[in-house]
There are 2 protein chains.
Amino acid sequence: MPDIKHFDPDSTLDQVVRLFWQRGAEVTGIAEVVQATGLSRSSLYATFGGKAQLQAAALGRYLERQSRPVFDALAADDRGVPAIDAFFERLVAARCRGEHARWGCLVTNTHATASGDLPGIRETLDHHHDALRAAMGAALEKARTKGQLRSGLDLEAAAEALTLQAYAVNLRSRAGAEAGLLLAGVRAVLDGFTTTEER
Amino acid sequence: MPDIKHFDPDSTLDQVVRLFWQRGAEVTGIAEVVQATGLSRSSLYATFGGKAQLQAAALGRYLERQSRPVFDALAADDRGVPAIDAFFERLVAARCRGEHARWGCLVTNTHATASGDLPGIRETLDHHHDALRAAMGAALEKARTKGQLRSGLDLEAAAEALTLQAYAVNLRSRAGAEAGLLLAGVRAVLDGFTTTEER
DNA sequence: TCTATCTTGGAACGACTATTCCAAGATAGA
DNA sequence: TCTATCTTGGAATAGTCGTTCCAAGATAGA
C-alpha cells in the first residue's frame, strides 16, 4: 500500500560521506547536504533522523568502505615489511594526490573535531584505532617469522607506533604536506624496526 | 584625551586560547567568548576585529606561549636521546593528565578543522611543523655526536618521523588514549633510532 | 479506480551565528 | 571643569543553524 523511497539511501550516504570528509562534518550544514544530495529535508530526516545520527552513520560508512578494505588488505598481505611499506605508499598517495588529495581522513579529522558529546563517536574512533593496530600487528608478526625484524623488537609497541604514524600522515596531508617528506618519515620508523635495508 | 581600555587584551587573548583549545575554535561562538572573557561585543570587535582574526591571534598566541617554550627547551637540551625522551614524556603527561587533559593541541586540532579558507593559518601550521622538526633535528645531532644513534640513520627523516609521532600523540590523546600506550609507541620509534638500549 | 499509507517539497520554527550600531560612560589633557 | 575622543554595554541586524510540520504527490494492494 505505501509509497516507496524515490532515492537510494545508500548512495545518498556516500554523498554525505564525501561532503563531511572534504569540508568537515561539524561545519557542514543541512542546507549543504540538501543541495549536494538533491533531496529534501523531509526525506533526509525521515531516513537518517537528524544531523548527529547522519554524522555517526557517515563515520560508520567511511570506516566500512574506506578504512576496512585497506586494513584487511594489510592484514592479508603475507610479505611482512613490504606489506607495511606498500600500505603507507598507498596511504600517502591517496592523501596527497587524486580526487581526495588534502581531504585527510574522516576518522582522523573527527578526533580533533568531535567534542565527545556525540554518543558512539568515541567508540568508533577507538574501534578504528584497534583495527589498524591489529592489522599492523599481523603484518609485523609475519615479518618476524620471515626474519625481517630487529631482534628484541616489541611488536605491540611497534604496531602502535606505525598506527600513530598513519594518523600523522592523515593530519599533515590535509595541511598540504609534501608526499616525499611524509614517506621519508614513515620509512625512518620502519627502517628502525628492520634488521637490514631490504628496500 | 581619549579613554583607555578597561581590560587587559593580553590576558583576554589567553582566555580565548583556552576556550578555542578546549572546545574547538570553529564551534565556539562569539557569545561564549563574551561570557568567558566577561567583556562586551564592542570591546571584542574593537580590539581583535572579528572571529577569523581572533582565531588567528589565538593560534599565534598558543604557538608562542605553549609550543615554542617546549621546542626551545628541546633544542637547548644537550643530552641527545634523553632530551627527546624527556620531551615526549612531558608531552604525553600534559596531554593525558592535569587541567589540559584530553584537550589535545590547538595547532594539531587546527590541522583537521581549518578549511584552508582562513588566510595565514596554513602558514602558521607549517611554521609550527618546521619549528618542531628543527628542534628534533638539533637534539638528534647532539645524539649523533654522542654516539647514541644507529649508524646510517637519516637525521632529516628521523626528525620528521618524531615530529609526526608528536602530532599523533596530540590527536589520540584528545580521544582519551592511554598515556602508557602512547609512550610505548613513541619509544618504539626512538629505540629504532638508537644503537643500544640506554633507557 | 479507489484508498490507505508512505514520501516529498517547501514553508515555517525558534534558536543560534557573526557583525554593526549608537547612546551612555569613562578618561585625560586643556 | 570642560571637552574631545575613546571605550563600553546592549539592542538590533541579517543570515544560518537544525528541526518540524503539513499539504500535495506517489505508490501499490483491493
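Chain letters run A, B, ... following the sequence lines, proteins first, then strands; residues in each count from 1.
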When you compare the protein's N or O atoms with those of nucleotides 1-3 of chain C, which come within less than 3.5 Å of each other, and at what distance?
none

Given [options], the nucleotide with the shortest approach to the side chain of [X]:
X	options	answer
P2(B)	dT5(D), dG9(D), dT7(C)	dT5(D)
D3(A)	dC6(C), dT19(C), dT8(D)	dC6(C)
S40(A)	dT27(C), dG9(D), dG9(C)	dG9(C)
K5(A)	dT19(D), dT8(C), dT5(C)	dT8(C)

Min side-chain heavy-atom separation [X]-[Y] under 4.5 Å:
X	Y	answer
N109(B)	F20(B)	no
L164(A)	L182(B)	yes
Q66(B)	L106(B)	no

Expressed in angstrom and rounded to an integer, what is the separation of [X] atom [atom1] from [N] atom [atom2]?
X	N	atom1	atom2	result
F48(B)	dT20(C)	CZ	P	16 Å
Q35(A)	dG10(C)	CD	P	13 Å
I4(B)	dA28(C)	CD1	P	5 Å
H6(A)	dG25(D)	NE2	P	13 Å
L44(A)	dC21(D)	CG	P	17 Å

message = Is it true that Y62(B) and H128(B) share a donor-acceptor pair across their side chains at a distance under 3.5 Å?
response = no
Regarding T110(A) and T113(A), do their side chains bring together a donor and an acceptor under 3.5 Å, going by distance alone? no
Angle separating the five-pair end axes of the helix from dT1(C)-dA30(D) to dA30(C)-dT1(D), nearest 10°, is 0°
Should R61(A) and D10(A) count as an ion pair when the cut-off is N to O under 4.0 Å? yes
field: Ion pair D126(A)/R172(B), N-O distance below 4.0 Å
entry: yes
side-chain hydrogen bond (donor to acceptor under 3.5 Å, both in side chains) partners of [X], counting only residues at least two apart:
X	result
K51(A)	none
T108(B)	N170(B)
E99(B)	R18(B)

Walking DNA chain D from its 5' end, the first of E26(A) and L39(B) to be reached, judged by nearest nucleotide, is L39(B)
Test your reading of the model: is there a side-chain donor-acceptor pair from R174(B) to the backbone of A112(A), 3.5 Å cut-off? yes
Check your understanding: Does any donor-acceptor pair link the side chain of S42(A) with the base of dG9(C) at a separation under 3.5 Å?
Key -> yes
Once base and sugar-phosphate atoms are separated, protein heavy atoms under 4.0 Å mark nucleotides 12-17 of chain D, 5' to 3', with B, S and - as -----S
Judged by nearest nucleotide, the residue sitting upstream toward the 5' end of DNA chain C, T47(A) or A52(B), is T47(A)
Can you label the angle between the H129(A) ring and the Y167(A) ring as parallel, tilted or perpendicular, going by 30° and 60°?
parallel
Q.
Regarding S43(A), tell me which of base, sugar-phosphate or nothing describes its non-hydrogen contacts under 4.0 Å with the strands shown.
A. sugar-phosphate
